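Fair warning: this is a prediction, and the values are worked out from it, not measured in the lab.
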Amino acid sequence: FESQGYEATQEYLSKFYDGLTLDKDLSSRENLVVKNNNNNDVYVSVPGTTGLGDAVKTWGHIISEDQQSILNMTTGVGGKLFTDRQTYNKRVQTTEDTLDKIAEKYGDTDTLLMGHSLGGAIVRKVALDNNLSSIIYNSAVGKHRIFKDNLKKNIELRIKKDIVSMSYHAKPR
């Protein structure tokens with residue numbers, strides 16, 4: 001959104017589905033907000049990390065011991081580096097704030113959260129805390145999981161060949 005500009009992002013969205021409009025006022029690097037003009041739905045897309053530096057700043061709260069071991073082996077980064085919860089919590093709060101702004105602007109609407117990697121972990125937490133539906137793709141796994149009673153509202157997709165999945169021992173859903 002920021003690098004390509006509003007027009008390019010809107011053109012890209014229009015290729016997929018007639019009626020999707022990028023909400024330029026509510027969108028940011030942390031949350032892309034899209035309104036479906038054919039109904040009253042709003043979609044919020046939360047991206048993952050943008051590189052190792054971003055991971056170092058944000059993974060501290062969610063990373064499991066197995067994931068830390070894999071990252072140490074593959075990147076040579078020491079375990080104490082991934083300890084900052086403040087940046088993760090800030091991204092969770094930014095998504096919560098975006099939901100408040102959506103409610104102010106659009107009123108009663110169905111909001112779907114979508115997230116990839118670290119964005120998936122953020123979406124999982126926000127969706128569970130706010131009883132919202134979500135689609136999560138290759139989430140950074142860790143302490144937060146979708147509970148069985150919430151599976152109808154939340155969909156998690158995972159491929160097996162990313163670094164997060166290699167460190168996750170449970171069977172993908």
Side-chain angles (χ1 to χ4, degrees), residues 1-51 53-55 57-63 84-159 162 164 173:
F1 168 67
E2 290 177 344
S3 65
Q4 298 296 316
Y6 172 78
E7 291 80 13
T9 304
Q10 181 58 56
E11 182 179 334
Y12 184 77
L13 285 172
S14 297
K15 288 180 182 179
F16 291 101
Y17 191 74
D18 184 39
L20 294 183
T21 303
L22 175 68
D23 188 318
K24 186 177 180 181
D25 297 327
L26 298 183
S27 293
S28 66
R29 185 213 169 297
E30 290 85 16
N31 297 294
L32 189 71
V33 178
V34 176
K35 175 75 168 79
N36 185 337
N37 296 314
N38 296 322
N39 53 36
N40 203 30
D41 293 350
V42 176
Y43 313 118
V44 180
S45 177
V46 182
T49 55
T50 57
D54 191 25
K57 291 191 295 186
T58 54
W59 277 34
H61 185 64
I62 60 165
I63 196 165
D84 181 15
R85 294 177 185 204
Q86 185 176 9
T87 305
Y88 169 80
N89 290 339
K90 182 180 175 189
R91 286 195 60 188
V92 168
Q93 186 59 54
T94 298
T95 303
E96 297 269 0
D97 293 345
T98 298
L99 292 176
D100 291 340
K101 291 174 186 175
I102 288 169
E104 283 178 31
K105 185 170 184 174
Y106 297 114
D108 187 25
T109 182
D110 287 328
T111 303
L112 173 67
L113 299 172
M114 301 173 288
H116 168 257
S117 192
L118 177 65
I122 291 166
V123 161
R124 182 186 297 119
K125 176 161 180 37
V126 173
L128 291 174
D129 289 351
N130 294 279
N131 196 31
L132 294 172
S133 296
S134 67
I135 299 174
I136 300 167
Y137 177 70
N138 273 20
S139 172
V141 294
K143 298 175 187 174
H144 307 289
R145 301 269 168 79
I146 290 179
F147 302 106
K148 289 183 180 181
D149 60 339
N150 288 42
L151 288 175
K152 291 181 181 176
K153 292 185 76 168
N154 299 279
I155 299 169
E156 278 202 58
L157 307 169
R158 176 164 302 286
I159 61 170
D162 71 320
V164 173
R173 294 187 269 251

### Query
Going through the distances and angles, do Val126 and Glu96 end up as a side chain to side chain contact (heavy atoms under 4.5 Å, CB included)?
CA-CA 7 Å; Val126 173; Glu96 297 269 0; 4.1 Å; yes
## Note on the structure
Sorted by chain and number, sequence neighbours left out, side chain to side chain donor-acceptor pair (under 3.5 Å) with Glu11 holds for none
### Query
Are any of the side-chain heavy atoms of Leu99 and Leu132 separated by less than 4.5 Å?
yes
### Query
Does any pair with a residue in residues 100-130 pass ring-ring contact (aromatic ring centres under 6.0 Å, His included), and if so which ones, sequence neighbours excluded?
His116-Tyr137
#### Entry: Passing option when Ser134 is tested against Leu113, Val44, Ile155 for side-chain contact (heavy atoms from CB on, under 4.5 Å)
Leu113
### Message
Side chains of Gln93 and Asn89, heavy atoms from C-beta outward: is any pair under 4.5 Å?
### Response
no
## Note on the structure
ring pair (Phe, Tyr, Trp, His ring centres under 6.0 Å) filter on Phe16, not counting sequence neighbours, yields Tyr12
### Summary
Pro47 and Arg29 have their tightest heavy-atom pair at CG-O, 3.4 Å
#### Entry: With Thr94 via side chain to side chain donor-acceptor pair (under 3.5 Å) - residues at least two apart
none
Could you give the side-chain donor-acceptor pairs of residues 32-39 under 3.5 Å, partners two or more places apart or in another chain?
| unit_1 | atom_1 | unit_2 | atom_2 | d |
| --- | --- | --- | --- | --- |
| Lys35 | NZ | Asn39 | O | 3.2 |
| Lys35 | NZ | Asn40 | OD1 | 3.4 |
| Asn36 | OD1 | Asn38 | N | 2.9 |
| Asn36 | ND2 | Tyr43 | OH | 3.0 |
| Asn37 | ND2 | Gly19 | O | 3.1 |
| Asn37 | ND2 | Thr21 | OG1 | 2.5 |
| Asn38 | ND2 | Asp18 | O | 2.7 |
| Asn39 | OD1 | Asp41 | N | 2.8 |
| Asn39 | ND2 | Asp41 | OD2 | 3.2 |

### Message
Looking at Glu30, is its backbone amide N or carbonyl O close enough to the side chain of Ser28 to form a donor-acceptor pair, meaning the two atoms are under 3.5 Å apart?
### Response
yes
### Task
Please list, chain by chain and in numerical order, all residues satisfying side-chain contact (heavy atoms from CB on, under 4.5 Å) with Lys105, sequence neighbours excluded.
Asp23, Asp25, Leu26
### Task
Would you give the length of the straight line joining atom NZ of Lys125 to atom CG of Asn130, rounded to the nearest 0.5 angstrom?
9.0 Å
### Summary
Between Arg91 and Val46 the two heavy atoms that sit nearest each other are NH2-CG1, 3.8 Å
### Results of side-chain contact (heavy atoms from CB on, under 4.5 Å) for Asp100 - residues two or more places apart only
Asp97
